[in-house]
2 protein chains.
Amino acid sequence: MTTSGAVHKKAADLAKLVVRMTAEAGSGHTSTALSLAHLVIHLMYRRMRYDLSDPRHASADRLVLSGGHGVPIIYAAYADLGGTVGRDGEEPVRLTREDLDRLRSRQSFLDGHPNPAEGFPFFDAATGSLGQGLSVAAGLALAAKLDGTDRRVYALIGDGESREGQIWEAADFIVDYHLNNVCAVFNCNGQGQAGDVSPQQSPERIAAKLEAFGWKTTTIDGHDPALIAEVFARVGRSERPIAIIARTVKGWGVAALQEGNWHGKPLKMSQVEAANQSIDDTVAGLFDAEGELAGPMTPIPAATPAREPRSPAAVTWPTFTEAMQSAGLGPALEQGKLATRKGYGAALKVAGDLLPQVVALDGDVSNSTFSEIFARVHPDRFFECKIAEQNMVSVAVGLSAAGYIPFVNSFAKFIARACDQIEMANISRANIKLVGSHAGISLAADGPSQMGLLDVGYFRGFTAVRADDRQSPLCWLFHPADAVAAYHCTRLMTELRGMCYMRTHRPDVALIYDPQTTFQPGGFHLLATGDELAIVAAGYMVHIARQAIDQLAEQDVRATLVDAYSLPLDGERLMETLRRAGQCALVVEDNYGGGLGAAVAEIAAHAGDVRVETLCCQRIPKSTLTPEDMLDYCGIGAAQIAEHALAARRRPAG
Amino acid sequence: MTTSGAVHKKAADLAKLVVRMTAEAGSGHTSTALSLAHLVIHLMYRRMRYDLSDPRHASADRLVLSGGHGVPIIYAAYADLGGTVGRDGEEPVRLTREDLDRLRSRQSFLDGHPNPAEGFPFFDAATGSLGQGLSVAAGLALAAKLDGTDRRVYALIGDGESREGQIWEAADFIVDYHLNNVCAVFNCNGQGQAGDVSPQQSPERIAAKLEAFGWKTTTIDGHDPALIAEVFARVGRSERPIAIIARTVKGWGVAALQEGNWHGKPLKMSQVEAANQSIDDTVAGLFDAEGELAGPMTPIPAATPAREPRSPAAVTWPTFTEAMQSAGLGPALEQGKLATRKGYGAALKVAGDLLPQVVALDGDVSNSTFSEIFARVHPDRFFECKIAEQNMVSVAVGLSAAGYIPFVNSFAKFIARACDQIEMANISRANIKLVGSHAGISLAADGPSQMGLLDVGYFRGFTAVRADDRQSPLCWLFHPADAVAAYHCTRLMTELRGMCYMRTHRPDVALIYDPQTTFQPGGFHLLATGDELAIVAAGYMVHIARQAIDQLAEQDVRATLVDAYSLPLDGERLMETLRRAGQCALVVEDNYGGGLGAAVAEIAAHAGDVRVETLCCQRIPKSTLTPEDMLDYCGIGAAQIAEHALAARRRPAG
């Protein structure tokens, strides 16, 4: 049994490390880190069951630092303990106290904010954009329940960041799923960046809110080791999830940091000595005779893997027709028309049949996205996140860190609620699959508030960045034109490592592909060949472009039709195709600019010998009764495409 | 005094209209609309003070329908009352009951979800993407306080959508700003789209949460006219904001709609007659002898405009130097280096000096974005939104609807929290200005969780869409390279109607522009001219490109440097420039793909006679100690640019 004195002694020790490393780096959130000293020491030296030489152990307790800027105190503790660091594929090493002085430098494992991908595997996800950590913790805790392990997940959350609505989305989700293996710790130091936190984020208010959300709360002095030990001992023993509201001192230990606004500001090297003295003064008289804190002492809970993941590349998928029939879509199939969202839904169910690590999340629209097919067959792996998309994406990041392959479903429009969470997922290198339905304008009657019009442009940004292998893109985008394509692209998403985004549409459309057709990342298919011009389209617009091709044929204009179902495109092959098609391409899209048209233009402008025009949605849509009327309203109907194609073909260069 | 019977009678009447119009349209949320019948009737016929012939009256009460899919009941009431409709610039007309049958059709003012821009000025903002309405209401209420009017703002919120964290961000904000002129009405019909709402969104839980957030709540039967009247009479008389939790019946009046899941599904025309009978049965015995509901009866509160807006184009701005001095940046200026965020901060303060309708919002980072300069001088028009970006953007939409010009400030990365809200702002045609600081990778040490890397790509999507004038883009993007440019671009943002986005950077950089330089939307400047190649850059990268230009000059390669400080670019002028510069351009960007490079490539691929390459951030950044190290890590340092430029110049076409 360690004593409070030993904790204070360790707090003083680590506080000095924090002061020094941030002064050395010339940046960092010294004062926030110091406010966490005693809480972090309790968790990392006394409470958490984990293995310093195997921080990713499948059933070890986890810590999510939601307020990621406080990370120096965790680096200090981990270095003191000698925990293992190292990037994937590199020889792991033990972190030393000397390593701390390279905080934030280019070669360091110690990034400015938590980032497992840079070699700090103690964390499961990148944090630093605020308010996301409790959701990540919920995902990890959900995975623990699925795995049947007794893992506990601790989330450290700042008082200021608890203003983010996502924290409260997570609070709801954790109650809905009875995740009493989560412990949320609110670090109430009372100060934000630009000023004091609002009274709405006072310890009393945060506690009252959490109680109203159905949590069990206890408020303590966050620098009192005995109180901390007492309250943490209750975690996991309550039906309700437990939140600990800790009153702390920003800049604990260093008097100078407690005057004025020191948020995000380190001390100068010349001030370190005085700071150390201040720390010593703070703990003077708090030491007692016995006890030294060593490493984590409790054994890790036994791992009882409930399901053994299978290699996505090793399983055999049924034929498209078998899959549709097994999903109850056989009768629909016979009519020759099926929406891409339905083809995807059936594929998702098959993915679940084949791969026990596939899970699905939806935001109260599973009967629109057709993730409901999965939900019916695999209810234990389907998570209804309700109308809270930010939490949904970050929960998926937690599930991914625990080895699952989460498919995240909503309308494309509402997935945009989680753009920042999606970017954090990529920084975390999360293996998540996002599927946005009702994309583009073809849903017509519901109007623009339900339409995904910027999704291609947004996700395309990621496709231009390289993943850590320096080969693959950071994200693959799939935009299938029919249910066959949607089925095969879903399979590809299970096989590809990292983020994938698929865009599906509402209307039932003709099946244009033979069920056996091969699809591949970055691939495209030719649906017509002509030597005067190419029309490039994807998804729903392939069908409209086919009508335009027919209209052009009536005028004896032979056009090529490219179904660009995946980004980033294979540029060389595309250019060969476009050269054979009259060195002139018209790209049509049912969204705002910056999407497929820009992707093709970049390739063509690089090559320099093919002209490209884009016809995208020309104005903000409004409701219309039919997709045809909507296409016309937005300037991208079949006749308008044909007209533009003719003009593009005739226009001289320059 | 009207009686309950008259309300029930009206409810039956409007319910039949709702059933019919959605059946005619073949889509629409019949059952949700019916659950709102009595609440809407109370508000629109008895409680709200507004003018049917002038629904935009500056001090009239306002209604925000957060759960926008319930809108048919409001259309029915407004048609019954004969309220004014019409798009801007068109002759206003009175809505008739017959007009309802054109719901959702192309020519109709009645969009699938609330949208003032399509001719329904009773609303202030587009809704339909959930969870945003309470924030819009807060913005309208804040404007009422600024204006000194007694306007009250009612927000109708669904139980399911109260899962969105943004509702709780708004709840905090409303308490922080003592907006007791807001009344939030929660429509608890118990059903979401895919299933029942969670127990976390039960009336009891919602009430408990709101009380914990500091609101005063009352729970009522949402179909009891007497109770409704009693509780609404208390609005505005309490110190605390009032929330009314109304238990309602989804599909009220129509038995068939109350069995199974009818969310978002209209009845067929053949079912209308039976539905009407069911409605009659529901209200049978509830009528009493007296009373008919007429129009809104209470006089509109007097307008006492506290500040008269000035025309942004008519005011005279001080010189750049005067402005910097007046903002306390004189000493910094003398050193010849100033960050764009500081130039912007000073400009924002000047905008506030000159234009009483300019307001600023920030999310706890005003000492980083430099909106703090404005806050110091104009504290009454500065709103600290704390760490809750979604609410901040939607509050700005409300302020804009009330005639203010809001500048919304945060890190570019965190503005991405509000992508969906930003898109809704555009659907609302809100006149808001967004400014994202710490964009790109130059902040270095804090790492990728703080970096705006997709913002240019995202906002560029809007720049490709036309605004309602069919001429201007829906959004202008500004990306100034120095404080002079930032100053002038801020002025442009005040003058341009509609959304503008400005991107600023952390580091102090050299002043490269003469203070008198002219800037214009879509413009660019040449900072060097050479005939072998052009480098196109913006913002911070202009400075790095200048270094590359110098390195090229040492190798006797004469390159043009284009500072593309605004999007969408003037394509024709750009092409002339690039043709003179060797018909070969290298675009460099400190963000992921899809930004400036794609914009230039689209123009060039259209013209067909200039080759374009893009060098953007090649990988996910990590912390480095200096911007130089970061540029090198991401592959876009000066030497790397020069190297790519040489290769691009030598590469043959094709």
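Letters go in sequence order (proteins before strands), and every chain restarts at 1.
- Looking only at heavy-atom pairs under 4.5 Å with chain A, the residue among B:W168, B:F411, B:F462 that has the most is B:F462.
- Nearest heavy-atom pair, B:D176 versus A:S198, reported as atom, atom and distance to 0.1 Å: OD1-OG, 2.6 Å.
- Residue B:A25 touches chain A through both its backbone and its side chain, counting heavy-atom pairs closer than 4.5 Å.
- For chain B, the nearby part of A:L474 is the side chain; its heavy atoms alone come within less than 4.5 Å.
- Ranked by non-hydrogen atom pairs under 4.5 Å with chain B, the options A:E204, A:M424, A:E211, A:Q450 are led by A:Q450.
- Neither the backbone nor the side chain of A:V587 comes within contact range of chain B; no heavy atom of the residue lies under 4.5 Å from a heavy atom of that chain.
- Neither the backbone nor the side chain of B:H263 comes within contact range of chain A; no heavy atoms are under 4.5 Å apart.
- Under a cutoff of 6.0 Å and an axis angle of 45°, A:R619 and A:Y633 form a cation-pi pair.
- Taking chain A as the reference chain and counting heavy-atom pairs below 4.5 Å, the highest number among B:K413, B:Q618, B:R429 is found for B:K413.
- Of the two parts of B:Q583, neither the backbone nor the side chain holds a non-hydrogen atom closer than 4.5 Å to a non-hydrogen atom of chain A.
- For A:A445, the parts lying under 4.5 angstrom from a heavy atom of chain B are both the backbone and the side chain.
- A:Q193 touches chain B through backbone and side chain together, each having a heavy atom under 4.5 Å away.
- By number of non-hydrogen pairs under 4.5 angstrom with chain B, the leading residue of A:V610, A:T626, A:D629 is A:D629.
- For A:D196, the part lying under 4.5 angstrom from a heavy atom of chain B is the backbone only.
- Interface remark: of the candidates B:L130, B:T624, B:L454, B:L454 forms the most heavy-atom pairs closer than 4.5 Å to chain A.
- Qualifying side-chain contact (heavy atoms from CB on, under 4.5 Å) partners for A:E24, counting only residues two or more places apart in sequence or in other chains: A:R20, A:D101, A:M269.
- With hydrogens and angles disregarded, no donor-acceptor distance shorter than 3.5 Å links the side chain of B:D362 to the backbone of B:E384.
- Contacts of B:E164 with chain A are made by both backbone and side-chain atoms, with heavy-atom separations under 4.5 Å.
- Each of B:Q390, B:R417, B:M630, B:H69 has some count of heavy-atom pairs under 4.5 Å with chain A, and the biggest count is that of B:R417.
- Of the atoms belonging to B:E423, it is side-chain heavy atoms, and not backbone ones, that fall under 4.5 Å from chain A.
- With a 4.5 Å cut-off on non-hydrogen atoms, A:L103 touches chain B through its backbone but not through its side chain.
- Between chain A and the options B:S105, B:A464, B:A117, heavy-atom pairs under 4.5 Å are most frequent for B:S105.
- No side-chain donor-acceptor contact under 3.5 Å links B:E602 to the backbone of B:A599.
- Contact of the B:M451 side chain with the B:L443 side chain is registered, since non-hydrogen atoms from C-beta on lie closer than 4.5 Å.
- Closest approach of A:G128 and B:S449 over heavy atoms only: CA-OG, 3.6 Å.
- With hydrogens and angles ignored, the 3.5 Å screen pairs no side-chain donor or acceptor of A:Y458 with any backbone N or O of B:G457.
- Both the backbone and the side chain of B:S368 come within contact range of chain A, judged by heavy atoms closer than 4.5 Å.
- Heavy-atom distances place the backbone of A:C385, and not its side chain, under 4.5 Å from chain B.
- With 3.5 Å as the limit, one finds a donor-acceptor pair spanning the side chains of A:D420 and A:Q132.
- In plain terms, the two heavy atoms of A:A170 and A:S135 that are nearest each other are CB-OG, 3.5 Å.
- For B:K386 and B:D172, the salt-bridge test fails: no basic side-chain N is under 4.0 Å from an acidic carboxylate O.
- Only the side chain of B:S27 comes within contact range of chain A, judged by heavy atoms closer than 4.5 Å.
- Using a 4.5 Å cut-off between heavy atoms, B:V197 contacts chain A through its backbone alone, with no side-chain atom that close.
- Counted by atom type alone, A:Q200 and A:R205 present one or more donor-acceptor pairs between their side chains at under 3.5 Å.
- Contacts between B:N115 and chain A at a heavy-atom distance below 4.5 Å involve the side chain alone, from C-beta outward.
- Considering every non-hydrogen atom in both B:F109 and B:G119, the closest pair reads CB-O, 3.6 Å.
- Looking at A:Q201, only its side chain comes within 4.5 Å of chain B, counting heavy atoms on both sides.
- In plain terms, the two heavy atoms of A:E161 and A:G131 that are nearest each other are OE1-N, 2.6 Å.
- Checked by atom type and distance alone, the side chain of A:E169 pairs as donor or acceptor with a backbone atom of B:G165 at under 3.5 Å.
- Closest heavy-atom contact between A:K622 and B:R106: NZ-O, 3.2 Å.
- Contact count versus chain B (heavy atoms, under 4.5 Å) is highest, among A:R466, A:R460, A:E118, for A:E118.
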Q: Show your working on side-chain contact (heavy atoms from CB on, under 4.5 Å) between B:I422 and B:F459 and close with a plain yes or no.
A: CA-CA 10 Å; B:I422 289 167; B:F459 281 100; 3.8 Å; yes

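- Remark: the backbone N or O of B:G112 is paired with a side-chain donor or acceptor of A:S623 at under 3.5 angstrom.
- Contact annotation for B:L110: neither backbone nor side-chain heavy atoms come within less than 4.5 Å of a heavy atom of chain A.
- In this structure, the portion of A:H29 lying under 4.5 Å from any heavy atom of chain B is its side chain and not its backbone.
- With a 4.5 angstrom heavy-atom cutoff, B:N261 touches chain A only via side-chain atoms.
- Using a 4.5 Å cut-off between heavy atoms, B:T614 contacts chain A through its side chain alone, with no backbone atom that close.
- Most heavy-atom pairs under 4.5 Å with chain B, from the set A:A388, A:G461, A:G28, A:S366: that is A:G461.
- Listed by chain and residue number, A:F173, A:F383 satisfy the ring-ring contact (aromatic ring centres under 6.0 Å, His included) test with A:Y177 (two or more places apart in sequence, or in another chain).
- Per-residue heavy-atom pair counts under 4.5 Å with chain A were compared for B:A207, B:G68, B:G594, B:S129, and the maximum is reached by B:S129.
- B:Q421 touches chain A through its side chain: at least one heavy atom from C-beta onward sits under 4.5 Å away, while N, CA, C and O do not.
- For the options A:G26, A:P114, A:G214, heavy-atom pairs under 4.5 Å to chain B are most numerous at A:G214.
- Residues B:P448 and A:D111 form a side-chain contact, since some pair of their non-hydrogen atoms from C-beta on lies under 4.5 Å apart.
- Between chain B and the options A:R470, A:Q166, A:M575, A:E372, heavy-atom pairs under 4.5 Å are most frequent for A:R470.
- Heavy atoms of B:P621 lying under 4.5 Å from chain A belong exclusively to its backbone.
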